[in-house]
Structures are given as structure tokens and as C-alpha cells.
Amino acid sequence: MSYKFHQFQVVGRGLPTETDEHPKIYRMKLWATNEVRAKSKFWYFLRKLKKVKKSNGQMLAINEIFEKNPTTIKNYGIWLRYQSRTGYHNMYKEYRDTTLNGGIEQMYTEMASRHRVRHHCIQVIKTATIPAKLCKRESTKQFHNSKIKFPLVFKKVRPPTRKLKTTYKASRPNLFV
Amino acid sequence: MPFKRYVEVGRIALVNYGKDYGKLVVIVDVIDQNRALVDALDMVRGQMNFKRLTLTDIKIDIKRVPNKKTLIAALDAADVKNKWESSSWGRKLIVQKKRASLNDFDRFKIMLAKIKKAGVVRQELAKLKKETTC
């Protein structure tokens, strides 16, 4: 599965000066589509928190963070701050997914569809893997059932490859499961 | 018409689109409304959209997300491979695959066999016709 948003760990600090030989080192975990954007995001956030800019700072390390257990399902809680047409709001959203990157991508697409918020207006404050007991949203809690069972109501009839797609078919499709 | 095939832990499904087309996989857990965690003998456990799966009648008895060893043992215990290959759906797929992999000599042999079979059928039909008219 290729995800659009990758998680990076970015480490940087202000440049050492005569007054401050060993400036404090700051580390951030953030989501971006590539490393260049991740570095830029890092300086954007750091500027807002500390008196340091890219011009008087240095990047120490940037590593991509990969999912430790991409074969287990987890419930992700994401706290975010987004800009709507009228102002800034905070939000908490929950997603069920195998990887954190997948959950974040679900979040971005859902914010775009439900609230028309583009990805550059969204800031991820915090993410956490939530144990099933502490989930707040009914839409994630309904899948916390070890004996889950439901029928697939509608069968999507499609050719197994795009190449076999035709405009006209000889007979009507059978949509029953 | 009530539903007979349900998405549940242990349901065997056939992949009908994508890289793993034609494989029989076990639904090992449900992620959300559209996706399931799916596992098979020769693949890493991963997620798959229900749109890519066609449910079968076969269901095995496993707990949520078993490890590979338990899964293989459960598959053998339920004898999924033989059940699938003896079911009419499974047999049809095997025939389709065989037909697709024929070479010209095989097609020639089939042509001769078809002619022979048609000849025998026509003989019997002629015999039966003779009995009814006379």
C-alpha cells in the first residue's frame, strides 16, 4: 500500500553562537509527502514555538518512520487543528487502520470531504493508538466485536483487469452478493 | 432472499481483482466497513477492500487474527483445498485455467475427442429414434 503522507522524525536546533555554545536540540514527528516538505514544516512549527528560524538554525537529522506492526489492526485517535472559512478549530477523530500513515491519510481525505479543508490547512497536534475500551466514536466501536458478522449486500461486478473493460455487455449483471 | 455468505472471521474468499487475483484468502479480521484483514498461505497478512473479494461458502474455525502456523493448521483441518476443488465453482475455475493453458496440439486432441464423443452420442440417438418410430 503506498501512502501519500509519510511520517518523518525531524531533529534540528539553532546554530551555536558565542553566547550559546550548545543550543537545545528539538525533535518533531510530522507528516509530509516528502523529506523536503517535512523539513519546511519543521521550521514552520519551530518558529512558532521557539525563537529560531531556518536561516539561523541547522537540521541535524531527518528519518522516515515506518510502521512497526503493519499486520495488526489498531484504533488511532488523531487530534488536529484546522482552519475553516470562519476560523481555527480543534478536532478529535478516530480511525481504524493497520498503519498510522493509513489512519492519517484517512483523516486528510475525510476532512477534505466532510469539511472542505485542504491538507495545508490541517495541523496534526497529536496521534495515539487507543485501546478499544477508550474509543469514543460509535463508528469505530461498532467494529470492536470478536464475533463480527455481516453480509455484503451488493456485489460490484467488474472485470478483473482494466484491459477487459468494455462499454457494452451482452447481459445484465447479477448483483446479488 | 436471506443472505447465506457473511463476512466473518474465518470466511474464505476469492480475490477477484488486483495483484492477488484468483487466490483463496481467509478473512482474519475486519478493519472497518470496507476493508478486511486478510491472510493466505503464501502472502503476508494485509488489508484488502471487500470490493476485491468474492465470498465463498467455505468457512473455517479460527479466532481473530491467528498466527500463520495456527492458520495453516486450521486450513488443513477444514480441508479447504479439497472442498474448493470439488465444489462446482472451484471445478469451473480449474477447467478455465486448463483451457487457457492449452497449446495447439492439445486443442487438436480436444477436437478429435469432441468429434468422437459427438459420433457416439449421435449413434445412440439414432438407435433411440429407430425404436420410437418403428
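Chain A is the first sequence line, chain B the second, and so forth, proteins listed ahead of strands; every chain is numbered from 1.
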Reported CG-to-NZ distance for the pair B:Asn16 and A:Lys155, which is rounded to 0.5 angstrom: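 B:Asn16 atom CG to A:Lys155 atom NZ measures 9.0 Å (nearest 0.5 Å).
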From B:Glu8 atom CD to A:Asn145 atom CG, the distance as rounded to the nearest 0.5 Å: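 Output value for this atom pair is 11.5 Å.
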Before giving the answer on side chain to side chain contact (heavy atoms under 4.5 Å, CB included), spell out for B:Lys51 and A:Arg158 the whole-Å C-alpha distance, their side-chain angles and the decisive distance to 0.1 Å. CA-CA 9 Å; B:Lys51 290 186 180 175; A:Arg158 60 177 175 173; 3.9 Å; yes
Are more than 12 heavy atoms from other residues, nucleotides or ligands located less than 6.0 Å from atom [atom1] of [X]?
X        : atom1 : value
B:Lys68  : NZ    : yes
B:Lys23  : NZ    : yes
A:Lys93  : NZ    : yes
B:Asp61  : CG    : no
A:Lys169 : NZ    : yes
A:Arg37  : CZ    : no
B:Phe108 : CZ    : no

Side chain, backbone, both or neither: which part of [X] has an atom under 4.5 Å from a heavy atom of chain A?
X       : answer
B:Arg11 : neither
B:Val28 : neither
B:Arg64 : side chain

Side chain to side chain contact (heavy atoms under 4.5 Å, CB included), that's the test. Do A:Arg162 and B:Tyr17 meet it? Break it down for me. CA-CA 10 Å; A:Arg162 292 290 305 273; B:Tyr17 191 91; 3.7 Å; yes
Do [X] and [Y] belong together in a cluster built from hydrophobic side chains that touch within less than 4.5 Å?
X        : Y        : result
B:Trp89  : B:Ile58  : yes
A:Tyr3   : A:Val124 : no
A:Val36  : A:Leu60  : no
A:Ile104 : A:Ile122 : yes

If you count heavy-atom pairs under 4.5 Å between each of B:Leu37, B:Val9, B:Ile27, B:Val15 and chain A, which one has the most? B:Leu37
Chain B contact via A:Lys149 - side chain, backbone, both or neither, heavy atoms under 4.5 Å: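 Both backbone and side chain.
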Over all heavy atoms of both residues, which pair between [X] and [Y] is shortest? Give the atoms and the distance, please.
X       : Y        : value
B:Tyr6  : A:Pro151 : CD2-N, 3.5 Å
B:Tyr21 : A:Pro160 : CE1-CB, 3.4 Å
B:Pro2  : A:Phe176 : O-CZ, 4.2 Å
B:Gln33 : A:Phe143 : N-CZ, 3.2 Å

Just so I understand: if I count every heavy-atom pair under 4.5 Å between each of A:Thr98, A:Asp97, A:Asn75 and chain B, which residue has the most?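 If we count pairs closer than 4.5 Å to chain B, A:Asp97 comes out on top.
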As an exercise: rank A:Thr72, A:Ile148, A:Leu152, A:Thr140 by heavy-atom pairs under 4.5 Å with chain B and give me the winner.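 Greatest number of close heavy-atom pairs with chain B: A:Leu152.
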Aromatic ring pairing A:Phe150/B:Phe50, orientation class (parallel under 30°, perpendicular over 60°, tilted between): perpendicular
Flag, side chain of A:Arg96 to backbone of B:Ile31, donor-acceptor distance under 3.5 Å: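 Judged by distance alone, yes, a pair lies under 3.5 Å.
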